[in-house]
Each structure stands twice: as structure tokens, then as C-alpha cells.
Engineer: 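Once you've had a glance at the structure underneath, I'll fire off some questions.
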Amino acid sequence: MSSYNIITLNEFISTRQANFPYAKGELTRLLHYIGLASKIVNKKVNKAGLVDILGEAGNTNVQGEDQKKLDVFADEEFIKALKASGECCGIATEEQDEIITFDEEMARDGNYVVCIDPLDGSSNIDVNVSIGTIFSIYRRKSKRGERAQLYDFLQKGTEQVAAGYVIYGSSTMLVYTTGHGVNGFTLDATIGEFCLSHPNIKTPKAGKIYSINEGNYAHFPDNVKKYIKYCQEIDKPTSRPYSSRYIGSLVADFHRNLLKGGIYIYPQTAKDRNGKLRLLYECNPIAYIAEQAGGKATDGNTRIMEVEPESIHQRIPFYTGSEDMVNKAESLN
Ligand code: AHM
Ligand code: MG
């Protein structure tokens, strides 16, 4: 195919603009800025082994975890980009305790708030393993022209107008949905553009891969222990065990399972009753993509996108992937 036949992310989102609720070009612009920031973060991620940007930044985030320098860089970059877009009046990010509201007149007029995990899977940065950015976009509830409010962010996942992730892997991809299917774009470094490479992604209804940190087995609830044993058995329709694959980067584990069919579980444990993952900027956006691709996302009982958020850093158990696999894992209670 000639390079002139490719469809770039910007072209794609503009031509799909009519699908957006309240289409006025605002969401198109917001997504464009997210794409732009992710290209800048991608450059930095690629250089991670070359320059002195590895190591702890010396800060601890609200979850009590050490921040790597690249987390800080990605956080700053997305904040700058979203502010510059003029369409976003505030952000909730994994790296900041409180919501950030933009006070410039143009930004206060923005119609959207964004929940973002700027660099997820951060324990993988300094070992050259895939990491990602996850984002979720909501229409604000508060009045345009005023400061964004906490309640703008505490909306159920069903209210998302768009969500997506960027995977910084062997190639860099941006995958997103606005509620009309899921599309994936691969970054072509030679032209610096995300190009449509995975149109209308559909995930297999049944898969053969399970992704869970089995090191925590002793602390898992009974249904998850039983499900792991089920995955390892040969006595099931596939007549062989499923493959176990776990990278420890949600985006990378989810992305592989989305394309190949599989299940990702981060359950509650005896120690952490709500698991580890965060509802607003990890589970809701991934759940929206999963459902739009024909898959499923629950907390083991309830559909993730129907959970009423209570705080911006709220954690929740997470089961997502191929529908049949999620149903099976839930049925073993
Ligand atoms: P992070 O936001 O601090 O990077 O944590 C989230 C990550 C997910 O990407 C990944 O699936 C999970 O934590 C791995 O956790 P564990 O090492 O407990 O299996
Ligand atoms: Mg994270």
C-alpha cells in the first residue's frame, strides 16, 4: 500500500466526528491532543535506557508507591496537552492526590473532564517491558465557564464519551472507542503519525489465555482459585490447559487478550479487599473498550461501568476479557 493510502488517527477521528454526541469538533480536538502527548511520551519511553531518566523521582504518590521519573514526565506532558486543548476543564490522574482544575478562561469553558493513568505498569519501565497510558473522557456535569467539580469525575463508566489506551510496546499503538466500536492505530515513526492498522476490533467470545498474578494464589478468593485450576485442567472443551501469560502491565496484558481471546483478572485478596486497580482511570476505560469489542468487564459480580464511584482513587476487583471466560470465572463462586 502506498503511504498516501493510509488513514491517520486525526483523519479518522475527524471523519467519525458526526458519530460523537454533541459533535462540534470538541472531542476530535481533545483526542488529537491526547495522541500528540502520547507521541511525546513515546519518544521519551524509547530513550529510557539511553539517558538519565530512570530511577525514583523521590516522590511517593497517593497510593504510597514510588514514582519513576518517567511517570512524572508522562503526567506533566498529558496535563500540559489537555490544558492546551482548551476542551478539557479538569483532570484526575493517578499521580496526583486531588483533581486538577484548569482556571484559564478557555479551559474553564471546556466541556470535558479526563481521568488518566499517564504511565501504567511503571514497575516495567526500567526493564524494557511494555507500559501504557489509559484514559477516559466524560462530559462535565458542572456549568461551562466555571471550575470543574469533583462530581464531574465521579460519574459511572456508562457515562464515558470516549476511552482508550496507548501501548508502548514492540510498536506503539493507540486504541480507542467513542461507543461505536474499537479501532487501533499503530505509530509509524517515519512519518510520526498513528495509522489505522486494526479497524473495528472484535475480541473472541472464548479464549485460551489467562492472565493473573498467580504468586498471590494463597490470598485469592475461592472462585478465583477454582478458576485457575479450571484453566490448568485438560477436562474442558479445548482438551488442553489454557496458556498463562502475565506481563504485569494491564495495557499489555489486556491488549494481547483483546486480540487473541483471553481473560485478565486482578481480584480482591485477603489483604486488599478491593484488589489493586483503580476504577476511574484503569478499569472503566478498559471496560468500555472490552465491551465495545464484544467482551466483558466486571468486579466478579457487577458490571464495572455500572459501579457508582465514590472517590477518584477508588480500587476495585477486575475481571475482563472474552465473555465466556469471564462468565466461567464468575460462575465458580
Ligand atoms: P501501576 O498503576 O502502579 O503501574 O499498577 C498497575 C499495574 C497494572 O498495570 C498491572 O496489571 C498490575 O499493576 C500488576 O500488579 P502486580 O504486580 O501486583 O501483579
Ligand atoms: Mg496504573
Side-chain angles (χ1 to χ4, degrees), residues 38 41 45 48 54-57 59-75 77-79 91-97 114-136 163-169 173 175 209-221 224 228 244-258 262-287 289-290 297 299 304 309 311-321:
S38 66
V41 170
V45 168
L54 295 176
E56 314 298 323
N59 297 327
T60 301
N61 72 9
V62 69
Q63 274 85 29
E65 299 150 331
D66 289 321
Q67 288 187 49
K68 308 285 180 188
K69 284 182 185 172
L70 246 149
D71 304 34
V72 179
F73 177 83
D75 194 41
E77 212 50 47
F78 279 104
I79 293 171
I91 313 182
T93 139
E94 176 173 338
E95 301 298 337
Q96 314 267 344
D97 298 9
V114 175
C115 300
I116 188 162
D117 185 348
L119 208 62
D120 182 66
S122 45
S123 65
N124 282 324
I125 295 171
D126 46 1
V127 288
N128 203 0
V129 173
S130 300
I131 44 183
T133 295
I134 315 172
F135 62 90
S136 173
Y165 59 79
V166 182
I167 173 166
Y168 310 99
M173 274 190 75
V175 175
I209 297 172
Y210 70 105
S211 308
I212 185 165
N213 186 344
E214 282 185 69
N216 292 327
Y217 185 88
H219 304 292
F220 286 158
V224 174
I228 291 173
S244 166
R245 296 279 183 274
Y246 191 73
I247 293 170
S249 277
L250 171 62
V251 169
D253 281 309
F254 174 78
H255 182 71
R256 180 201 51 245
N257 294 355
L258 177 74
I263 186 169
Y264 173 97
I265 307 179
Y266 207 109
Q268 62 274 43
T269 64
K271 204 167 91 244
D272 299 310
R273 301 306 305 161
N274 296 316
K276 176 184 183 188
L277 300 181
R278 275 58 60 128
L279 174 62
L280 260 59
Y281 40 80
E282 292 175 328
C283 302
N284 267 335
I286 296 287
I289 303 256
D299 67 356
I304 284 290
S311 64
I312 56 169
H313 296 294
Q314 178 174 344
R315 296 175 195 259
I316 191 158
F318 196 38
Y319 297 56
T320 189

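Each ligand, and each atom within it, is numbered from 1 in the order the structure gives.
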Engineer: Does ligand 1 have any atom that is closer than 4.0 Å to a heavy atom of D117?
Structural biologist: yes
Engineer: Is there any N or O on D253 that sits under 3.5 Å from an N or O of ligand 1?
Structural biologist: no
Engineer: Find all atoms of ligand 1 within a distance of less than 4.0 Å from any non-hydrogen atom belonging to Y246, and give their numbers and elements.
Structural biologist: 11 (O), 12 (C), 14 (C), 15 (O), 16 (P), 19 (O)
Engineer: Would you call the rings of Y165 and F254 parallel, tilted or perpendicular, where under 30° means parallel and over 60° means perpendicular?
Structural biologist: perpendicular
Engineer: Please give me the protein atoms (N, O or S only) lying under 2.8 Å from the Mg ion (ligand 2), ordered by chain and number.
Structural biologist: E94 OE1, D117 OD2, D120 OD1, E282 OE2
Engineer: Using the test side-chain hydrogen bond (donor to acceptor under 3.5 Å, both in side chains), find all partners of N257 that sit at least two apart in sequence or belong to another chain.
Structural biologist: S211
Engineer: What atoms in ligand 1 come closer than 4.0 Å to a heavy atom of G121?
Structural biologist: 4 (O), 9 (O)
Engineer: N/O to N/O below 3.5 Å, does that happen between S249 and ligand 1?
Structural biologist: no
Engineer: Any N or O of R278 that comes nearer than 3.5 Å to an N or O of ligand 1?
Structural biologist: yes
Engineer: Taking atom types as modelled, is there a side-chain donor on D75 or Q96 under 3.5 Å from an acceptor on the other?
Structural biologist: yes
Engineer: By number and element, which atoms of ligand 1 are closer than 4.0 Å to a non-hydrogen atom of E94?
Structural biologist: 1 (P), 2 (O), 3 (O)
Engineer: Taking only residues two or more places apart in sequence or in another chain, which ones pass side chain to side chain contact (heavy atoms under 4.5 Å, CB included) with N216?
Structural biologist: N213, F220, Y266
Engineer: Do N284 and S136 get their side chains close enough for a donor-acceptor pair, meaning under 3.5 Å?
Structural biologist: no
Engineer: Evaluate Y266 for polar contact with ligand 1, using N/O atom pairs at a separation under 3.5 Å.
Structural biologist: yes
Engineer: With rounding to the nearest 0.5 Å, note down the distance linking CZ in F135 to CD in E282.
Structural biologist: 14.5 Å
Engineer: Enumerate the atoms of ligand 1 whose separation from the nearest heavy atom of Y264 is less than 4.0 angstrom.
Structural biologist: 10 (C), 11 (O)
Engineer: Looking at E282, which atoms of ligand 1 are within less than 4.0 Å of one of its heavy atoms?
Structural biologist: 2 (O), 6 (C)
Engineer: Please check: side-chain N/O of D253 versus main-chain N/O of I247, any donor-acceptor pairing under 3.5 Å?
Structural biologist: yes
Engineer: Hey, is L250 touching ligand 1 through its side chain, its backbone, both or neither, going by heavy atoms under 4.0 Å?
Structural biologist: both
Engineer: For R315 and D272: C-alpha separation, side-chain torsions, deciding distance, then whether side-chain contact (heavy atoms from CB on, under 4.5 Å) applies.
Structural biologist: CA-CA 9 Å; R315 296 175 195 259; D272 299 310; over 6 Å; no
Engineer: Taking I134 as the fixed residue, which of P285, C283, C115 is the one that meets the side-chain contact (heavy atoms from CB on, under 4.5 Å) rule?
Structural biologist: P285
Engineer: Under 4.0 Å from ligand 1, counting heavy atoms only, is it the side chain of V251, its backbone, both or neither?
Structural biologist: neither
Engineer: Give a yes or no answer on whether the side chain of T133 reaches the backbone of L119 with a donor-acceptor pair at less than 3.5 Å.
Structural biologist: no
Engineer: Has the side chain of H313 got a donor or acceptor atom that lies under 3.5 Å from a matching backbone atom of D97?
Structural biologist: yes
Engineer: Would you please name every residue forming a side-chain hydrogen bond (donor to acceptor under 3.5 Å, both in side chains) with T320, sequence neighbours left out?
Structural biologist: none
